[in-house]
Amino acid sequence: MPSTTLVVDNGSYTIKAGFTTDKTCITTPNCIARTRDKRVLIGQQLENCRDFGSAVFRRPVEKGYLVNWEAEKEIWDRTFLDSESKLKCDPRNTTLLLTEAPNAPSTLQTNCDQMVFEEYEFSAYYRCVGPTLIPWNNINTLYSPENPPPFSPPAEVVMVIDSGFSHTHITPIINGQLWNTAVRRIDIGGKFLTNYLKEMVSTRTWNMMEETYLINQVKESVCYISTNFNEDLEKCHSMKKSANDIVVDFVLPDYNSGKAGYRRPHVPKKHPAFGGNDEQVMELSDERFSVPELLFTPQDIGLAQAGIAETVMQSLEGVPERYRSLLLANIVVIGGNANIAGFLERLEMELRPLAPAESVVRIVKPDNPVTYTWQGGVALAGDKAEIKRRQVTRADYMEYGSLWCAKKMAGEISSVPGTGPTGAVEKENRSHKKKRMED
Amino acid sequence: MPTIQVLPNTSTSSGANWTYSNLPPALAHTNSLPSNTARAPRSKRANNTENTAARQRQINSRILDLERDNYRDAVIVVGKGGVAGRSSSRNKSQNVRRILASQKTFANHLADEEALHPTPAVVHRQRVEEEDAMDLDGDLKEGLMNIQDPGQPLGYAASASKPSTKPKRVFCEICGYWGKYKCQKCSARYCGLQCGGVHSETKCNKFYA
Ligand SMILES: [Zn+2]
Ligand SMILES: [Zn+2]
């Protein structure tokens with residue numbers, strides 16, 4: 001029998017992975033890079049590189065979906081099979097719990113299942129939509145960290161907002177199940193924001209079009225989401241720089257001496273504190289909030305989609321009315337963009353007037369919004385009976401094929417062919433029905 | 001031109017290879033509209049319609065650019081070295097060989113998917129609406145409750161957020177302030193005289209002049 005379970009949240013920017021036994025999540029860039037001195041860096045190797053000037057990137061996960069296995073295999077092999085890797089495992093004795101983005105094309109799902117069983121030969125496997133793992137976390141500790149009420153997973157109702165590298169998903173999860181008809185996607189994610197900042201800076205001051213890596217750093221260190229956009233914009237365009245507390249400097253890295261870039265308060269060029277001729281400085285003012293503003297107002301750039309708050313309301317139209325208030329009162333924000341300062345405040349500010357007056361709007365963010373999905377996966381895997389009910393084994397795969405396995409993991413069937421229902425899913429349906437009757 | 005702030009080039013030995021932005025690359029590419037469609041004289045209305053369509057094409061191509069991983073197309077070849085602890089001589093199944101050789105993009109897969117399963121979204125959305133209507137009527141029967149389930153995935157296209165109902169804001173293309181004025185020639189927005197001047201000198205779509 002498999003002795004270990006490996007939980008892998010396979011994102012487009014990073015892979016969040018770790019064993020359920022040691023409860024440590026290791027983040028690996030899901031990326032292959034080529035530096036300007038023509039070195040090719042794969043996955044974890046990127047972490048040791050100090051000079052990403054003009055580097056180019058290849059990402060196996062495109063728009064959130066695992067598309068290119070040629071590249072993913074390079075990264076997975078080094079991450080999960082290399083004897084030097086902290087995540088090395090023996091797939092034949094390992095259960096794999098793997099995430100995917102909502103609404104994945106079925107051909108990509110099939111490819112994934114075939115690679116997992118035919119190339120890696122994991123002994124058992126459960127593939128699921130990432131945000132469905134969130135309710136397995138004890139979310140009561142987010143709502144009341146001091147004195148959390150008792151919790152038994154999965155949380156009944158959670159509205160997960162997952163704002164990652166490729167896109168932002170609004171995913172209501174009710175009784176542990178993804179409410180498919182209400183899943184909504186906004187095509188703005190961290191990559192789009194970095195590129196937008198890159199374009200803005202390049203039009204105005206420095207040509208940074210080839211410096212994606214650096215601009216991503218700049219974005220992470222200076223950007224914030226404004227709760228008063230008009231006022232902040234006025235400040236940046238009609239006030240003197242000395243009086244405008246929004247302006248900051250980003251001192252550009254010096255790759256020759258290996259000095260990293262950093263943010264500092266704005267120093268005028270003539271000021272004695274300005275670091276002289278060696279210092280190359282990028283000044284940022286309205287770029288700081290105009291860039292992440294796209295999460296809430298994608299139409300600013302001409303994208304015909306609503307921002308996060310409005311899309312939450314669109315999503316609620318897809319769930320039965322009796323769940324809507326519950327969802328509004330149980331919003332959990334995850335993904336890298338959740339770390340942008342001001343995100344929660346802005347969301348609440350916009351959502352409050354859109355929500356019914358009698359509804360409570362409660363929005364929380366875990367300490368680490370990037371690894372919270374992974375953490376939920378560990379919690380689910382800890383429920384041995386539950387994971388066993390959901391997973392497929394390599395033997396199942398060999399015997400019943402990939403279509404059957406995909407259906408089983410999607411919760412559409414619960415038993416092996418020809419033996420009739422085992423009862424697990426049936427029982428669950430009945431208990432849901434009972435719950436509805438009580439509503 | 002104080003609105004475009006160009007920092008003085010004082011560095012002589014920096015390893016960085018970025019340059020100053022005298023020809024903004026981000027806007028330069030939007031000028032590359034097909035020239036044959038625009039040079040012939042046209043009526044004002046035709047010109048306007050064309051402007052709008054051209055504008056939309058610019059916006060769409062800009063959005064595509066903002067989704068790119070690299071500014072220029074780059075090919076990174078992989079698969080040369082093996083991984084320690086992994087025997088490379090194993091026979092690969094036919095499926096694995098096919099998947100590893102595939103260079104299909106997400107757009108390719110999406111097109112395949114749409115051809116296979118035309119979007120079922122409309123059906124599901126209707127269903128939920130009907131059920132809600134019943135909820136309101138208090139006419140909820142057990143037989144009908146079965147259809148009040150999470151449904152099947154909507155698919156990529158149908159799950160996209162619908163357009164906002166908020167009024168659209170417009171910004172100056174040069175400096176990012178409110179875009180109070182509209183260029184008569186190319187519909188670009190700018191905030192005032194100064195940025196308007198910069199626009200006509202450096203960025204205005206000359207094809208429509
Ligand atoms: Zn302006
Ligand atoms: Zn113009």
Side-chain angles (χ1 to χ4, degrees), chain A residues 32 34 53 56-59 62-63 65 67 69-71 74 77-78 81-83 103 105 107-108 111 114 118-119 177 179-181 183-186 192 195-196 199 202-203 205-211 237 254-256 277 280 286 290 299 302-306 310-311 314 318 320-321 436, chain B residues 4-5 7 10-11 13-21 24-27 59 63 66-71 74 76 78-79 83-86 93 95-96 99-100 105-106 109-110 112-113 124-125 128 131-132 135 145 148 150-156 159-164 168-169 176-177:
Chain A
I32 300 172
R34 190 178 60 222
V56 290
F57 302 95
R58 175 172 174 187
R59 300 184 195 279
E62 189 192 338
K63 299 224 173 198
Y65 302 98
V67 169
W69 271 101
E70 186 196 40
E74 293 294 319
D77 282 4
R78 277 162 185 78
L81 305 178
D82 194 314
S83 41
N103 291 301
T107 45
L108 293 180
N111 286 355
Q114 288 170 339
E118 296 182 26
E119 169 66 14
Q177 276 186 294
W179 207 269
N180 285 311
T181 50
V183 173
R184 293 291 180 277
R185 185 191 71 256
I186 305 164
F192 201 99
N195 282 340
Y196 187 41
E199 183 197 271
S202 298
T203 313
T205 53
W206 299 87
N207 185 345
M208 288 285 171
M209 292 313 280
E210 313 244 19
E211 305 304 328
H237 288 273
D254 181 345
Y255 291 132
N256 280 346
N277 288 352
Q280 294 189 304
D286 64 337
S290 294
Q299 56 177 345
L303 185 66
Q305 293 180 352
E310 275 185 281
T311 306
Q314 289 181 17
E321 199 164 3
R436 286 187 199 123
Chain B
I4 291 193
Q5 184 189 16
L7 301 178
T10 48
S11 153
S13 64
S14 165
N17 68 345
W18 49 74
T19 54
Y20 300 109
S21 170
L27 292 180
I59 290 169
I63 289 171
L66 289 171
E67 285 172 350
R68 290 167 65 105
D69 277 318
N70 299 301
Y71 177 50
I76 304 178
V78 292
V83 169
R86 179 71 164 170
S93 77
N95 284 331
V96 169
I99 293 165
L100 288 177
T105 63
F106 179 67
H109 285 286
L110 205 57
D112 292 355
E113 185 84 356
H124 285 287
R125 281 195 188 156
V128 169
E131 287 150 23
D132 275 344
D135 262 16
M145 277 152 86
Q148 196 143 356
Q152 292 294 306
L154 292 180
Y156 186 80
S159 57
S161 166
K162 285 179 280 182
S164 170
K168 190 171 164 25
R169 310 186 290 197
Y177 195 41

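Hydrogens, waters and symmetry mates play no part in the numbers below; they use all other heavy atoms, side chains included. What you see is a predicted model, and the numbers here were worked out from it, not measured in a lab. Lettering follows sequence order; numbering is per chain, from 1.
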### Query
Between A:Leu108, A:Leu303, A:Ile186, which shows the greatest number of heavy-atom pairs under 4.5 Å with chain B?
A:Leu108

### Qualifying residues under side chain to side chain contact (heavy atoms under 4.5 Å, CB included), relative to A:Ala304, sequence neighbours excluded
B:Pro163

### Query
Residues in side chain to side chain contact (heavy atoms under 4.5 Å, CB included) with B:Asp112, at least two apart?
B:Lys104

### Query
Can you name the closest pair of heavy atoms from A:Gly53 and A:Glu211 and give their distance?
CA-OE1, 3.4 Å

### Query
Hey, what's the ring geometry for A:Tyr65 with B:Phe106, parallel, tilted or perpendicular (30° and 60° as the breaks)?
parallel

### Query
Among B:Leu110, B:Ile59, B:Asn95, which residue forms the greatest number of heavy-atom pairs with chain A at distances under 4.5 Å?
B:Asn95

### Query
What part of A:Asn111 lies closer than 4.5 angstrom to a heavy atom of chain B: side chain, backbone, both or neither?
both

### Geometric cation-pi criterion B:Arg68 and B:Tyr71, 6.0 Å radius, 45° cone
no

### Query
Side chain, backbone, both or neither: which part of B:Ile63 has a non-hydrogen atom closer than 4.5 Å to chain A?
both

### Message
Less than 4.5 Å to any heavy atom of chain B: does that hold for the side chain of A:Ser290, its backbone, both, or neither?
### Response
neither

#### Entry: Pairs of heavy atoms under 4.5 Å with chain B: top-ranked of A:His237, A:Glu70, A:Gln299
A:His237

